[in-house]
Amino acid sequence: MEYILSTDKISKKYKKCLAVDQVSIHIKKGDIYGFIGKNGAGKTTFLKVISGLIYPTAGTMNVPAKMGVLIESPGFYGNMTAVENVRLKMKYAGLEDNGGALELVKLVGLDPDSNKKASDFSLGMKQRLGIALALVGDPELMVLDEPINGLDPQGIVEMRDIIMKLNQERGITFIIASHILEELSKTATRYGIINEGRLILEISNEELNERLSERIVMNVDDIVAAYKILTEKGYKSVKRDAHGQLYVFDNGADSSEIVRALVLGGVRVYTIQKHRESLEEFYLSVTAKNRGGAAQ
């Protein structure tokens, strides 16, 4: 399979600290690749390596695509407008403007006719400008590091819309590092999970959905009796917690049948609902099992 970006055992060491340890990732054209890990897991260091901002200590990579990069804070001239900043970036890149600066500024949702200086922009506007600058030169691959960090809810939605628009209308592939997993799950088509500098899992959105567990959660008036009834009925994966909740993890369990069995057994059911494992819960379970381990 041909990838728009692939790496083979990339490592980066700072003195005695191994920040990235033999990371091999594979990104297909058109992917929105969610690069997941807690702060300090090695996400930013790895992105800087693939972007050519720092050299790897070991390993190789293949990037047969033009790349746009927005890592950490966007760099721009605060005394210039958005359009002026983009025009200057185009000039440095040896590109003719021909209306391109106005188009890019408008594309990311900024007003191309505004005289507002970039230093007076909100955080969300600065992020938009950073993406416009990264789009100079028509990149096929965009590298974004925590693009929604610090944004308010409206800014997060707007940033998501920009990414989806660029992906669907312009065919731009993304690798997005983030620790805000609920938001990332709304856009990503593929994931890489990094922990303690090592890539422990690569998984497509379809494969992830197959692996996310489901459970039925109940609040009852007699948890001991409810547990006994359900286990005697043949449910093999029934658990209870210290907060008085009862869980049934059996695949295909029918909530109506569970309620019926409990009621007939004299147990009152206050609440019952199906809960599907979230990306964040999956991430926590995978990293807990693979501390110090290699990729699955």
Side-chain angles (χ1 to χ4, degrees), residues 3-7 10 12 19-20 23 25-37 39 41-56 59-78 80 82 85-95 100-101 103-105 107-110 118 121 123-151 159-160 162-167 170-180 184 187-190 192 194 199:
Y3 298 105
I4 198 168
L5 168 66
S6 62
T7 67
I10 289 288
K12 180 62 181 178
V20 175
V23 171
I25 69 168
H26 311 84
I27 303 178
K28 296 180 290 184
K29 183 174 177 58
D31 272 345
I32 298 179
Y33 189 100
F35 196 44
I36 301 172
N39 291 334
K43 301 190 305 296
T44 299
T45 300
F46 180 77
L47 294 187
K48 286 181 177 179
V49 169
I50 65 172
S51 301
L53 299 177
I54 57 176
Y55 289 107
T60 60
M61 57 185 174
N62 182 34
V63 192
K66 291 187 290 183
M67 187 184 298
V69 178
L70 177 56
I71 295 179
E72 297 174 338
S73 300
F76 51 77
Y77 291 94
M80 292 183 174
N85 270 283
V86 175
R87 281 177 177 158
L88 187 60
K89 173 75 178 289
M90 295 178 75
K91 184 176 181 180
Y92 286 157
L95 302 171
E103 180 186 350
L104 287 178
V105 169
L107 181 65
V108 298
L110 294 174
F121 283 5
L123 179 58
M125 293 173 69
K126 289 176 180 177
Q127 289 292 86
R128 289 167 181 266
L129 176 55
I131 289 181
L133 292 168
L135 286 168
V136 169
D138 295 322
E140 302 163 81
L141 172 66
M142 289 280 283
V143 178
L144 304 182
D145 184 27
E146 303 286 359
I148 63 172
N149 202 23
L151 297 184
M159 184 58 65
R160 183 204 313 158
I162 290 170
I163 291 169
M164 294 298 292
K165 181 178 181 179
L166 292 172
N167 177 256
R170 293 204 167 197
I172 295 176
T173 304
F174 285 85
I175 175 169
I176 305 172
S178 181
H179 64 277
I180 306 176
L184 194 58
T187 57
T189 60
R190 187 169 172 80
I194 187 171
L199 189 75

Check your understanding: Any idea which heavy atoms bring Val20 and Ile10 closest together, and the distance?
Key -> CG1-O, 3.3 Å

Practice item. Measure the spacing between CE of Met159 and OG1 of Thr187 and express it to the nearest 0.5 Å. Key: 11.5 Å

Practice item. Any chance you could measure Asp31, atom CG, to Arg190, atom CZ, to the nearest 0.5 Å? Key: 6.5 Å

**Study point:** Distance, nearest 0.5 Å, that separates CG of Leu199 from NE2 of His26
**Key:** 9.0 Å

Check your understanding: Quick one: does Pro147's side chain get under 4.5 Å of Ile176's, heavy atoms only?
Key -> yes

Point to revise | Candidate pair Asn167 and Thr189, rule side chain to side chain contact (heavy atoms under 4.5 Å, CB included), full reasoning | key: CA-CA 11 Å; Asn167 177 256; Thr189 60; 5.8 Å; no

Point to revise | From CA spacing to verdict: side chain to side chain contact (heavy atoms under 4.5 Å, CB included), Arg128, Phe121 | key: CA-CA 10 Å; Arg128 289 167 181 266; Phe121 283 5; over 6 Å; no

Study note, to complete from the structure: Exactly one candidate in Thr173, Ile27, Val143 meets side-chain contact (heavy atoms from CB on, under 4.5 Å) with Leu5; the answer is Ile27

Practice item. Using modelled atom types only, decide if a donor and an acceptor are shared between the side chain of Asn62 and the backbone of Ser6 within a distance under 3.5 Å. Key: no

Point to revise | Note, Met164 side chain near Ile32 side chain (heavy atom, < 4.5 Å) | key: yes

Review point. If you look at every heavy atom in Val69 and Ser51, which pair is closest and at what distance?
Key: CG2-OG, 3.5 Å

**Study point:** Non-hydrogen atoms of Lys43 and Gly37 that approach each other most closely
**Key:** NZ-O, 2.8 Å

Study note, to complete from the structure: Correct closest heavy-atom pair for Ile162 and Val108 would be CD1-O, 3.3 Å

Check your understanding: Any side-chain heavy atom of Val23 within less than 4.5 Å of one from Lys12?
Key -> no

Point to revise | Steps toward side chain to side chain contact (heavy atoms under 4.5 Å, CB included) verdict (Leu107, Lys165) | key: CA-CA 9 Å; Leu107 181 65; Lys165 181 178 181 179; 3.9 Å; yes

Check your understanding: With a 4.5 Å limit on heavy-atom distance, are the side chains of Tyr3 and Ile25 in contact?
Key -> no

**Study point:** Side-chain donor or acceptor of Lys89 paired with backbone N/O of Leu133 under 3.5 Å
**Key:** yes

Exercise for review: Indicate yes or no for a side-chain donor-acceptor contact from Lys126 to the backbone of Ala118 under 3.5 Å, with no hydrogens or angles considered.
Suggested key: no

Revision key, fill the gap. The reported gap from CD1 in Ile54 to CZ in Phe46 (rounded to nearest 0.5 angstrom) is 10.5 Å

**Study point:** Audit row: Asp145, Lys48, side chain to side chain contact (heavy atoms under 4.5 Å, CB included) steps and yes/no
**Key:** CA-CA 10 Å; Asp145 184 27; Lys48 286 181 177 179; over 6 Å; no

**Study point:** Nearest atoms (heavy-atom pairs only) where Tyr77 meets Asn85
**Key:** N-OD1, 2.7 Å

Exercise for review: Verify, without hydrogens or angle tests, whether Lys66 (side chain) and Gly137 (backbone) share a donor-acceptor contact under 3.5 angstrom.
Suggested key: yes

Check your understanding: Does Ile131 reach the side chain of Met142, with side-chain heavy atoms less than 4.5 Å apart?
Key -> yes

Review point. Is there a side-chain contact between Leu144 and Phe35 (heavy atoms, below 4.5 Å)?
Key: no

**Study point:** Separation of Leu184 CG from Arg160 CZ (nearest 0.5 Å)
**Key:** 11.0 Å

Practice item. Without swapping roles, check the side chain of Ser178 against the backbone of Ile180 for a donor-acceptor pair under 3.5 Å. Key: yes

Exercise for review: Would you confirm whether Thr7, through its side chain, and Gly59, through its main-chain N or O, come within 3.5 Å as a donor-acceptor pair?
Suggested key: no

**Study point:** Over all atoms of both residues, closest heavy-atom pair of Ala132 and Val86
**Key:** CB-CG2, 4.2 Å

Review point. At what distance, to the nearest 0.5 angstrom, does CD1 of Ile36 lie from CD1 of Ile194?
Key: 11.5 Å

